[in-house]
Amino acid sequence: DQDRATRLGLEVRGVADRVVSSIRGDVATRYKLRDRNIDVLVRGVDTRASSVEEIRNLVINPGSDQPVPLSAIADIRIATGPAEIRRARQERVAIVSANLAEGDLGGALVELDRIVQSISPAPGIDLQVGGQSEEMQGSFRSLEFTLIMAVFLVYLVMASQFESLLHPFVILLTIPLALVGSIWAMFLTGTTLNVVAYIGVIMLAGIVVNQSIVLIDAVNQARERGLDKREAILEAGRLRLRPILITKLTTVLGLLPMALGLGEGAEVRQPMAITVIGGVAISGLFTLLVIPVAYSLLDRKEFAPGVRP
């Protein structure tokens with residue numbers, strides 16, 4: 001019985017293949033056009049569309065003494081069915097796709113979520129937003145983790161360098177100032193927060209702390225020479241003003257062509273340049289004000305001349 005069922009299944013499959021070949025034709029070869037492979041179908045001489053009656057009269061056992069039409073073993077009728085069946089995680093899915101005509105992906109995602117929330121699907125049907133929006137959210141999660149790790153590693157390096165846990169914390173206050181500048185620059189230029197702009201934010205975590213390191217180190221050196229806290233802060237600000245301004249000016253001027261979108265492909269890197277320029281400019285202006293104030297409020301350690309903190 002098992003062998004008979006196997007033979008019957010093979011015969012049914014052969015009948016189905018012959019029916020499909022009679023209607024659609026056989027793929028004889030493939031024609032390669034640039035990076036595409038185009039099927040070359042071989043059909044019968046009569047290339048007109050087959051009617052339902054002709055399909056019913058198709059002989060499923062050609063060459064036999066007693067020809068059997070397809071209508072003897074199957075019920076042929078016209079119906080509507082899917083061209084293909086897609087599955088995801090062992091569930092049947094239907095994909096509704098669209099492209100952006102204008103605007104950014106984040107704004108489109110907010111509008112799409114509003115539309116999805118207003119739809120009440122039938123029982124057993126779930127609605128899920130995927131595609132590029134899902135990839136963007138995954139990229140943002142990865143970049144957020146990278147930013148946290150970058151700030152943590154910068155803190156560890158400074159803590160080992162200054163041999164203090166407080167001074168690196170004061171230096172890291174420059175990063176929120178830089179973020180304010182980046183958001184302000186993106187708002188003025190109409191730049192959206194994307195992956196490239198996020199990479200610029202990560203770069204700021206290592207760029208803007210340099211000026212605070214130079215300033216705090218100068219304050220500590222002045223206190224080692226016997227100056228009190230206020231005098232040390234004033235002297236360090238006066239001595240480090242020119243190096244800080246020159247460093248920030250060179251960074252802004254170096255990224256200015258990229259921010260203006262000059263050159264081929266510059267529009268891809270433009271958000272990163274705008275983010276960095278805004279963060280560096282604002283942090284450079286406020287570092288000489290906020291960092292000394294935070295240092296004077298948080299630092300309570302007394303320096304003995306010639307002794308590092």
Side-chain angles (χ1 to χ4, degrees), residues 146-188 199-256 259 272-309:
T146 303
L147 177 60
I148 294 173
M149 288 299 300
V151 174
F152 178 69
L153 292 176
V154 169
Y155 180 83
L156 290 182
V157 171
M158 291 190 299
S160 62
Q161 179 68 27
F162 285 95
E163 298 180 358
S164 171
L165 298 178
L166 177 62
H167 293 163
F169 175 76
V170 175
I171 293 173
L172 289 181
L173 292 178
T174 314
I175 297 179
L177 299 177
L179 293 179
V180 172
S182 298
I183 296 174
W184 176 73
M186 288 189 292
F187 175 76
L188 291 181
I199 294 175
V201 173
I202 296 175
M203 292 173 56
L204 284 174
I207 294 176
V208 298
V209 297
N210 294 333
Q211 56 192 8
S212 298
I213 292 174
V214 172
L215 183 61
I216 296 300
D217 185 66
V219 174
N220 291 338
Q221 292 180 8
R223 295 185 67 184
E224 289 178 10
R225 296 195 302 267
L227 297 179
D228 60 13
K229 186 190 305 182
R230 185 175 183 277
E231 293 177 351
I233 291 174
L234 293 176
E235 180 178 343
R238 183 174 60 256
L239 294 177
R240 300 307 182 191
L241 174 62
R242 183 180 298 176
I244 290 175
L245 293 180
I246 291 176
T247 302
K248 301 311 170 185
L249 185 61
T250 54
T251 303
V252 171
L253 294 179
L255 292 174
L256 188 60
M272 179 178 63
I274 293 175
T275 303
V276 174
I277 288 177
V280 168
I282 296 301
S283 65
L285 294 177
F286 283 96
T287 294
L288 297 174
L289 298 176
V290 177
I291 299 303
V293 172
Y295 182 91
S296 63
L297 294 177
L298 298 178
D299 187 82
R300 293 292 184 267
K301 185 176 294 185
E302 295 295 334
F303 276 62
V307 178
R308 297 289 295 177

>> Show the nearest heavy-atom pair for residues A232 and R223, with the distance to one decimal.
In response: CB-CG, 3.4 Å
> Rounded to the nearest 0.5 Å, how far apart are CD1 of I277 and CG of L204?
Replying inline: 10.5 Å
> What heavy-atom pair brings I171 and T174 nearest, and what distance separates the two atoms?
Replying inline: O-OG1, 2.8 Å
Side-chain donor/acceptor pairs under 3.5 Å, residues 175-184, sequence neighbours excluded:
from	atom 1	to	atom 2	distance (Å)
S182	OG	A178	O	3.1
S182	OG	T275	O	2.9

>> So, taking the atom named CD1 in I233 and the one named CD1 in I291, what distance separates them when rounded to the nearest 0.5 Å?
In response: 11.0 Å
> Got a second to check how far I202's CD1 is from T146's OG1, nearest 0.5 Å?
Replying inline: 5.0 Å
> So, does K248 use its side chain to make a donor-acceptor pair with the main chain of A281 at under 3.5 Å?
Replying inline: no
> Would you call V209 and L172 a side-chain contact if the rule is heavy atoms closer than 4.5 Å?
Replying inline: yes
> Taking only residues two or more places apart in sequence, or in another chain, which ones meet A273 in a side chain to side chain contact (heavy atoms under 4.5 Å, CB included)?
Replying inline: L255, M258, A259
> So, N220 versus E224: side-chain donor-acceptor pair below 3.5 Å or not?
Replying inline: no
> From Y295 OH over to K229 NZ, what is the distance, rounded to the nearest 0.5 angstrom?
Replying inline: 7.0 Å
> So which heavy atom on S283 is nearest to which on G279, and how close?
Replying inline: OG-O, 2.7 Å
>> So, taking the atom named CZ in F169 and the one named CE in M158, what distance separates them when rounded to the nearest 0.5 Å?
In response: 11.0 Å
> For A185 and I274, which heavy atoms make the closest approach, and how far apart are they?
Replying inline: CB-O, 3.7 Å
With a 3.5 Å cut-off and sequence neighbours excluded, list the donor-acceptor pairs that the side chains of residues 234-246 form with protein atoms.
from	atom 1	to	atom 2	distance (Å)
E235	OE2	R225	NH2	2.6

